[in-house]
Protein chains: 2
Amino acid sequence: MKTETENRIREFKQKCTEAGLRLTHQRMVIYRELIKDKNHPSAEDVYDKVSEHIPTISADTVYRTINTFEQYGLIQRVHVQDDRSRFDPKLKKHHHLICKRCKSIVDFDWQTFDQLTLPKNVQSWGAINSKHVEFRGLCKKCIK
Amino acid sequence: MKTETENRIREFKQKCTEAGLRLTHQRMVIYRELIKDKNHPSAEDVYDKVSEHIPTISADTVYRTINTFEQYGLIQRVHVQDDRSRFDPKLKKHHHLICKRCKSIVDFDWQTFDQLTLPKNVQSWGAINSKHVEFRGLCKKCIK
DNA sequence: ATACATGCAAAGTTTTTGCAACTCG
DNA sequence: CGAGTTGCAAAAACTTTGCATGTAT
């Protein structure tokens with residue numbers, strides 16, 4: 001668990017070096033908060049958390065850094081909410097359960113789906129990079 | 001085809017009446033443009049189109065009307081892009097092919113998927129209302 | 001007639017950008 | 001040292017809101 005985090009940090013550092021991205025203090029802290037937060041944080045969430053460690057950081061640095069991470073494939077943008085982007089540091093293939101009410105996002109794996117043959121008209125559409133399932137509804141807590 | 005549109009308009013009028021929504025000229029034109037546009041238009045797209053018919057309409061009316069339609073289940077919001085919402089007047093179950101480059105959204109049906117048994121951990125999450133597949137990649141045009 | 005809708009203008013939110021100062025490699 | 005980063009402030013982009021006027025039922 002502790003090791004899990006360490007591994008991700010190591011991998012992060014390596015990828016940054018490979019990509020020619022500088023390992024600044026801000027980037028390290030931002031990445032650490034991204035992997036710590038299990039609910040696919042928004043940029044503002046990350047800003048709030050990072051501010052606790054670096055009170056002088058500016059929001060635009062967080063936005064810019066997150067965009068850079070996305071661009072270099074270090075995190076992914078989650079398209080679930082209308083008013084703000086959420087981010088996902090998990091790079092392994094997975095799918096999402098989204099609660100309409102509390103906006104929580106839960107990951108799940110689904111190999112049966114991953115192995116399905118695609119419909120013909122889909123195959124001729126173009127080149128598909130990501131196959132993603134989204135279930136929306138109400139999580140148990142929100143049902144009450 | 002012509003009949004298809006007529007049917008949707010009729011159904012729209014009926015739903016509005018049932019819901020107690022007034023059938024204003026603006027709403028009629030906005031709905032008509034929503035079902036005419038096959039590429040899941042943004043609010044701005046709709047505003048531009050509607051402006052051709054009602055030059056004095058204001059953008060906020062379009063936003064407000066679209067929100068009302070969504071609220072009453074006359075259209076659905078599509079969560080695909082980060083910077084703006086897109087809207088889908090098709091209410092029947094379907095899935096989306098999304099081009100990263102040109103942002104086009106193509107509908108497809110996939111009954112094999114629709115009939116799949118859900119993973120156990122998903123079943124215990126809560127109450128699911130919508131099961132949606134998103135394939136992202138590059139459409140043929142954008143591959144060139 | 002009257003409750004609901006619209007238009008206008010202004011404001012709210014989220015995100016981006018220009019530029020000088022700073023810092024990692 | 002020097003190019004890539006950051007912080008600041010301002011702005012851009014998208015969407016919402018208050019209020020007076022207009023209109024569908």
Side-chain angles (χ1 to χ4, degrees), chain A residues 9 12-31 33-34 40-51 53-72 74-87 103, chain B residues 9 12-34 40-51 53-72 74-75 77-87 103:
Chain A
I9 301 282
F12 169 72
K13 286 182 176 172
Q14 190 189 322
K15 281 196 178 180
C16 282
T17 307
E18 281 170 11
L21 287 177
R22 289 192 184 165
L23 280 169
T24 65
H25 183 212
Q26 286 86 337
R27 284 183 177 160
M28 283 305 304
V29 177
I30 290 169
Y31 188 75
E33 290 304 325
L34 276 164
H40 310 73
S42 65
E44 203 187 339
D45 294 335
V46 175
Y47 173 62
D48 290 344
K49 291 286 179 55
V50 171
S51 293
H53 298 94
I54 317 176
T56 57
I57 200 166
S58 55
D60 56 273
T61 297
V62 175
Y63 278 100
R64 242 185 305 226
T65 303
I66 284 179
N67 281 348
T68 304
F69 286 174
E70 186 195 6
Q71 202 174 315
Y72 283 85
L74 294 162
I75 60 172
Q76 286 186 306
R77 194 176 291 261
V78 185
H79 309 259
V80 297
Q81 215 174 328
D82 2 289
D83 53 343
R84 64 186 61 184
S85 289
R86 304 271 293 262
F87 298 92
K103 312 283 187 186
Chain B
I9 300 282
F12 169 71
K13 286 183 177 172
Q14 190 189 323
K15 283 196 176 180
C16 281
T17 305
E18 282 169 11
L21 287 177
R22 290 192 182 162
L23 280 167
T24 65
H25 183 213
Q26 287 85 338
R27 285 183 176 161
M28 284 305 305
V29 178
I30 289 169
Y31 188 74
R32 216 181 284 273
E33 291 303 326
L34 276 164
H40 310 72
S42 66
E44 204 187 336
D45 293 336
V46 175
Y47 173 62
D48 290 344
K49 291 284 178 60
V50 171
S51 293
H53 298 95
I54 316 175
T56 57
I57 199 166
S58 54
D60 56 274
T61 297
V62 175
Y63 278 101
R64 242 185 305 227
T65 302
I66 284 178
N67 282 348
T68 304
F69 287 175
E70 186 195 7
Q71 203 174 315
Y72 283 85
L74 294 162
I75 60 173
R77 194 177 289 262
V78 185
H79 308 261
V80 296
Q81 216 174 329
D82 3 289
D83 54 342
R84 66 186 62 183
S85 288
R86 305 271 293 261
F87 298 92
K103 311 282 187 187

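Throughout, protein chains are lettered first and strands after them, A, B, ... in sequence-line order, and every chain is numbered starting at 1.
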- request: From the options A:Phe87, A:Phe12, A:Tyr63, select the one residue that forms a ring-ring contact (aromatic ring centres under 6.0 Å, His included) with A:Phe69.
  value: A:Phe12
query: Of the nucleotides D:dT6, D:dA24, C:dT15, which has the atom closest to the A:Thr65 side chain?
result: D:dT6
statement: Between OH of A:Tyr47 and C1' of C:dT13 the distance, given in whole Å, is 15 Å
message: Does C:dC24 have OP1 or OP2 under 4.0 Å away from a side-chain N or O of A:Gln26?
response: no
task: Indicate whether OP1 or OP2 belonging to C:dT16 is found under 4.0 Å from a side-chain N or O atom of A:Asn67.
output: yes
message: Under 4.0 Å, counting only non-hydrogen atoms across every strand here, what does B:Thr68 touch: a base, just sugar-phosphate, or nothing?
response: nothing
message: Assess the residue pair B:Ser42 and B:Asp45 against the criterion (side-chain hydrogen bond (donor to acceptor under 3.5 Å, both in side chains)); give the C-alpha distance rounded to whole Å, side-chain angles, the decisive distance to 0.1 Å, and a yes or no.
response: CA-CA 5 Å; B:Ser42 66; B:Asp45 293 336; 3.1 Å; yes
- line: Rounded to whole Å, the CD-P distance (A:Glu44 to C:dT13) equals 10 Å
task: Classify the nucleic acid contact of B:Ser58 as base, sugar-phosphate or nothing, counting any heavy atom under 4.0 Å across all strands shown.
output: base
query: Counting only side-chain N and O atoms of A:Thr61, is one of them less than 4.0 Å from OP1 or OP2 of D:dG7?
result: yes
query: Taking CD from B:Gln71 and C1' from C:dC4, how many angstroms apart are they, rounded to a whole number?
result: 14 Å
field: Length of the line joining B:His79:NE2 and D:dT15:P, which is rounded to integer Å
entry: 13 Å
query: What's the CG-C1' distance between A:Asp45 and C:dT15, to the nearest Å?
result: 15 Å
task: Check whether the side chain of A:Arg27 and the base of D:dG4 form a donor-acceptor pair under 3.5 Å.
output: no
message: Rounding to an integer number of Å, can you tell me how far B:Arg64 CZ sits from C:dA10 C1'?
response: 13 Å
Separation of atom OH in B:Tyr63 from atom P in C:dA11, rounded to whole Å: 19 Å
- request: Could you tell me which non-hydrogen atom of B:Pro41 sits nearest to which non-hydrogen atom of B:Leu34, and how far apart they are?
  value: CG-CD2, 4.0 Å
query: Which is true for A:Ser42 with a 4.0 Å heavy-atom rule: it touches a base, it touches only sugar-phosphate, or it touches nothing?
result: nothing
task: On DNA chain D, check which nucleotide each of B:Thr17 and B:Ser85 is closest to and give me the residue with the more 5' one.
output: B:Ser85
- prompt: Under 3.5 Å, side chain of B:Arg86 to main-chain N/O of B:Lys103, donor-acceptor pair present?
  reply: yes
- line: From the candidates D:dT17, C:dT17, D:dA24, the one with an atom nearest any side-chain atom of B:Asp60 is D:dT17
Distance, nearest 0.5 Å, that separates NE2 of B:His53 from CE of B:Met28: 12.0 Å
query: Checking side chain to side chain contact (heavy atoms under 4.5 Å, CB included) for the pair A:Ile57/A:Ile30: CA distance, chi angles, key distance, verdict?
result: CA-CA 10 Å; A:Ile57 200 166; A:Ile30 290 169; 4.2 Å; yes
field: Residue whose nearest DNA chain C nucleotide is more 5′ - B:Leu21 or A:Ala59
entry: B:Leu21
query: What about A:Arg22: does its side chain form a donor-acceptor pair under 3.5 Å with the base of C:dT23?
result: yes
query: Taking for each residue the nucleotide of DNA chain D bearing the nearest heavy atom, is the 5' side occupied by B:Ala43 or by B:Thr24?
result: B:Ala43
For atom CE of A:Met28 and atom C1' of C:dG25, their distance in whole Å: 16 Å
